[in-house]
Amino acid sequence: MGRADARRARVRESRRAAKSGGIRRLFTWKKLLGTFFGIILLGMGAFGALYLYVDVPAPNALAERQSNVYQYSDGTLLARSNSDVNRQIVDLAQVPKEVQHTFVAAENKTFYEDDGIDLKGTTRGLINTLSGKGKQGGSTITQQYVKNYYLTQDPTISRKLQELVISLKVDQKQSKGQILAGYINTAYYGRGASGIQAAAQAYYGVDAKDLNVSQGAYLASLLQAPSQYDWATATPTGKRLVKDRWAYTLKNMVEMGWLSEAERAKQEFPVPQKPKPAKGMEGQTGYLVEAVNKELDKQGISAEDREAGGWTFTLTIDKKRQQQLEKSVGKELESQLDREGNKVDATVQAGATSVDPKTGKVVAMYGGEDYVKHYVNNATRQDYQPASTFKPLVLAAALENESKTQDGNLIGLNTVYDGTSKRPVVGSDTPFSPQNEDNRSYGPISVQKAMNSSVNSVFAQMIVDVTPAAAKRTALALGVPDKNFPERPAVTLGTMNASTWDMAGVYATLDNHGRKVTPHILQSAEHRDRTVKPEAAKKEQAISRASADTVTSALTGVVKSGSGSAASTSAYQAAGKTGTSEENKSAWFAGYTPELTTVVALFGESPKGGRQVSLTGTANSGRANGGGFPARIWADYTLGALGGGSDARFDLQDVERGEVPPPPTPSKTPSEEPTPSEKPTPSETPSKTPSETPSETPTTPSAPPTITPPTTPPTTPELPPQPGESDGQPGERPGGGGLLGE
């Protein structure tokens, strides 16, 4: 390196050193610490100013609390809540000491020692508010009391800061006993109960002074999530969580020395009594209010928010259609029942959901005989099987996946299957041989005619051809809930759980040419301080239009000349499907016109304990099936809801007819009208008697062997049960029970 180069290198190094030194001089430890403490002092100063500026306000005028108004879509009044606030203030001395301790153990173990605030929890709450996560983060009992008694429930930063300052001042001015009394007397416990006295009555039918420690621990646990933790309406997850919270509370009491280990060991979870509906909730009103409240929970307007009052909730319910649905159930069902004198009639529960297939708005809903008499909403309950209303979804899956029969024929409406009763499916690792309704056997039968008559053996084979996994994917995409939904052949008969609300969304999606429809009942929520717009569901294409329209085409046949003929009329064009679940415990009709989708179901429920029972014998009419009461209710309601009829027609495109194998002889084609085989003969090979063997059975030597139907079908309705799958999955049962394929 020359002298010039060395000189230039020294200059560059000198410059770098000067620059580095400048940065070090700028960011010295003294300056960094000074800046940090400066920020701290500024924060303290700001908080001090806030402390001086914010006074403890007057209580938030519980006496001025407004009612919440629930109204129909046209603005007419449906119900008014909180007209009389369910609260009775009690002195702390009236609440047993161990019950007082349950609230401290559940919410704030340091309550008796702290200064009224939890800086860590409050900081977390502020961060959650800034990040859009809402009202999350811990608060002390004092802070919660301040929020309930002096402030609002709004999840804003200003309210949180006010809460912090006022809590400090309240802790200085009031005793811990006064604060605890204020807290338990203002908190919302669910079931319309504010305060511990109202809660004690609502959940256990006793006064607050008579609560025991287990009951107190449950009420204290409720405060975290009143709606989710109410035992009467909680999901299995909600029940597990509240029991965990109850156990956590008692564990903390032991740790704090308020409960001995021996006393803790004696405690049993105190299941609360069934809720008593509030005044004004009789008839269908309570079901509608309950349904919208559940939707409000999902939209972020909690029971605690609603309890503050001043809300106007507008439902999507069309008042005239709602009245028509109630009238139709009364005319076609209730007028036929003798609930007092007939034991079977006393078990009958009806539910229905009617949806606008273009918007997903629930325009009418029937929850049961009377909300005051039967608290469970039959429209939204998910504990019964939708039965054969699921079969159209198996066809939808076959179309969507371009599935083929065992013979390699593309599945469509004209594709031919073997309709022999009890025919074992071919191509499945899980054996399945369901019985058709009344054990009726058919010869070769097209998919269209099999849908019309709901032939179990055809759809059992079809789901094997599609694969149960693929059928489940399609069903979930359409809106069937994933409840008791195994990937096995028997699910073709609708052995999962679903509600009329769920199935109305599924069928509305078919009605809407495969574009997803999610039912909703909340139109708007307005408050004097804010307006909440319901979050709109995504309207993605669940299945192709061609698949949806092909299913619709098939279902028009069910109404015209199949099991759903009771819903047929010249006043409108309709598509639909019937269903009867195992042992006749539920009966369904799911149907739609181009303008309206409605699902009606009957459920057999024992008045004692809610156990599922058979509907056989309803109104002394034998087996209650989907083509009976449900279809007649549906038809009467639809006619009235459409104003006496409609000229609208289904706009069907690219309907898939499928492929049909060549006829075995010129004189007999697969498209011919099949005739039921009253006495099927023993099956031979496919080449000898094609009319008696499954059309999809492979003819190659490597194909699974064809299993023949019985030589003569049973002639008595009292048959032994026909098993579903080898692992115990429910299957077909003849006579008064079973998935009878209609």
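On a predicted model such as this, the values are computed, not experimentally measured, just so you know.
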*Of all residues at least two apart in sequence or in a different chain, which pass the ring-ring contact (aromatic ring centres under 6.0 Å, His included) check with His513?*
none
*Are any of the side-chain heavy atoms of Trp501 and Val599 separated by less than 4.5 Å?*
no
*Provide the full list of side chain to side chain donor-acceptor pair (under 3.5 Å) pairs with a residue in residues 550-560, sequence neighbours left out, each pair given once.*
Thr552-Tyr592
*Of the non-hydrogen atoms in Leu596 and Val355, which two are nearest, and what is the gap between them?*
CD1-O, 3.7 Å
*Under 4.0 Å between a Lys/Arg side-chain N and an Asp/Glu carboxylate O for Asp502 and Arg381?*
no
*asked:* Give me the atom names and distance for the closest heavy-atom approach of Asn378 to Ala350.
replied: ND2-O, 3.0 Å
*asked:* How close do Ala387 and Gly579 get, counting heavy atoms only, and between which atoms?
replied: CB-C, 3.9 Å
*With side chains defined as the heavy atoms from C-beta onward, is the minimum distance between His374 and Gln349 less than 4.5 Å?*
yes
_By side-chain hydrogen bond (donor to acceptor under 3.5 Å, both in side chains) - contacts of Arg611 (at least two apart)_ = none
*Grab the two heavy atoms, one from Leu77 and one from Val69, that are nearest each other, plus how far apart they are.*
CD1-CG1, 3.6 Å
*Parallel, tilted or perpendicular: which fits the ring planes of Tyr384 and Phe603, with parallel below 30° and perpendicular above 60°?*
tilted
_Over 12 foreign heavy atoms within 6.0 Å of CD, Glu402_ = no
_Keeping Thr415 on the side-chain end and Leu410 on the backbone end, is there a donor-acceptor pair under 3.5 Å?_
yes
_Please check this pair: side chain of Asp345 against backbone of Ala619, looking for a donor-acceptor N/O pair closer than 3.5 Å._
yes
*In terms of side-chain heavy atoms, does Asp465 have a donor or acceptor partner in Tyr417 at a distance below 3.5 Å?*
yes
*Among side-chain atoms of Ser499 and Gln382, is any donor-acceptor pair under 3.5 angstrom?*
no
*Nearest heavy-atom pair of Ser403 and Ala397: which atoms, and what distance?*
OG-O, 4.2 Å
_Min side-chain heavy-atom separation Arg306-Asn293 under 4.5 Å_ = yes
*N/O donor-acceptor pair under 3.5 Å between Thr500 side chain and Ala601 backbone*: no
*Check: Leu493 and Phe459 side chains under 4.5 Å, non-hydrogen atoms*: no
*For the side chain of Asp356 and the backbone of Gly360, is there at least one donor-acceptor N/O pair under 3.5 Å apart?*
no
*Look only at the side chain of Asn584 and the backbone of Thr616, and say whether a donor-acceptor pair between them is shorter than 3.5 Å.*
yes
*Are side-chain heavy atoms of Glu295 and His520 found at a separation under 4.5 Å?*
yes
*Check whether the side chains of Ser328 and Gln324 place a donor and an acceptor atom closer than 3.5 Å, and report yes or no.*
yes
*Quick one: OG on Ser561 to NZ on Lys449, what's the gap to the nearest 0.5 Å?*
8.5 Å
*Going by atom types only, do Lys577 and Ser454 share a side-chain donor-acceptor pair under 3.5 Å?*
yes
*Could Glu334 and Arg339 be called an ion pair, given the rule that one side-chain N must be under 4.0 Å from one carboxylate O?*
yes
*Quick one: closest heavy-atom pair of Val292 and Val289, and the distance?*
CG1-O, 3.1 Å
_Within 6.0 angstrom of Lys472 NZ, more than 12 heavy atoms from elsewhere_ = yes
*How would you list all residue pairs meeting salt bridge (Lys or Arg N to Asp or Glu O under 4.0 Å) that involve residues 634-653, not counting sequence neighbours?*
Lys331-Asp636, Arg545-Asp651
*With distance as the sole criterion, is a donor-acceptor pair present between the side chains of Glu400 and Ser544 under 3.5 Å?*
yes
*Would you please classify the geometry between the Phe313 ring and the Trp311 ring as parallel, tilted or perpendicular, with 30° and 60° separating the classes?*
parallel
*Interatomic spacing from OG1 in Thr467 to CZ in Arg473 - rounded to 0.5 Å*: 6.0 Å
*Would you check if the side chain of Asn456 reaches a backbone N or O of Gln435 as a donor-acceptor pair within less than 3.5 Å?*
yes
*Could you tell me the separation between the OG1 atom of Thr380 and the CD atom of Glu290, rounded to the nearest 0.5 Å?*
5.5 Å
*Under 3.5 Å, is there a donor-acceptor pair between the Asp74 and Thr76 side chains?*
yes
*Is a side-chain donor or acceptor of Thr316 paired with a backbone partner of Val362 at a separation under 3.5 angstrom?*
yes
*Who pairs with Tyr637 by ring-ring contact (aromatic ring centres under 6.0 Å, His included), at least two apart in sequence or on another chain?*
none
_With heavy-atom distances below 4.5 Å as the criterion, would you say the side chains of Thr492 and Gln461 are in contact?_
no
*asked:* Would the distance check show the side chain of Asn625 and the main-chain N or O of Gly627 forming a donor-acceptor pair, the cut-off being under 3.5 Å?
replied: yes
*Short side-chain donor-acceptor distance under 3.5 Å, Glu595 and Ser646*: yes
*Would you check if the side chain of Thr597 reaches a backbone N or O of Ala504 as a donor-acceptor pair within less than 3.5 Å?*
no
_Keeping Gln322 on the side-chain end and Met365 on the backbone end, is there a donor-acceptor pair under 3.5 Å?_
yes
*Identify which one of Trp588, Tyr366, Phe589, Phe629 satisfies the ring pair (Phe, Tyr, Trp, His ring centres under 6.0 Å) criterion when paired with Trp634.*
Phe589
*With a 4.5 Å heavy-atom cut-off, do Val455 and Ile445 have their side chains touching?*
yes
*asked:* Using a 6.0 Å cut-off, check whether atom NZ of Lys358 has over 12 heavy atoms from anything other than its own residue.
replied: yes
*Which value, rounded to the nearest 0.5 Å, describes the distance between Thr593 atom OG1 and Asp511 atom CG?*
6.5 Å
_Which residues pass the side-chain contact (heavy atoms from CB on, under 4.5 Å) test with Lys539, not counting sequence neighbours?_
Arg515
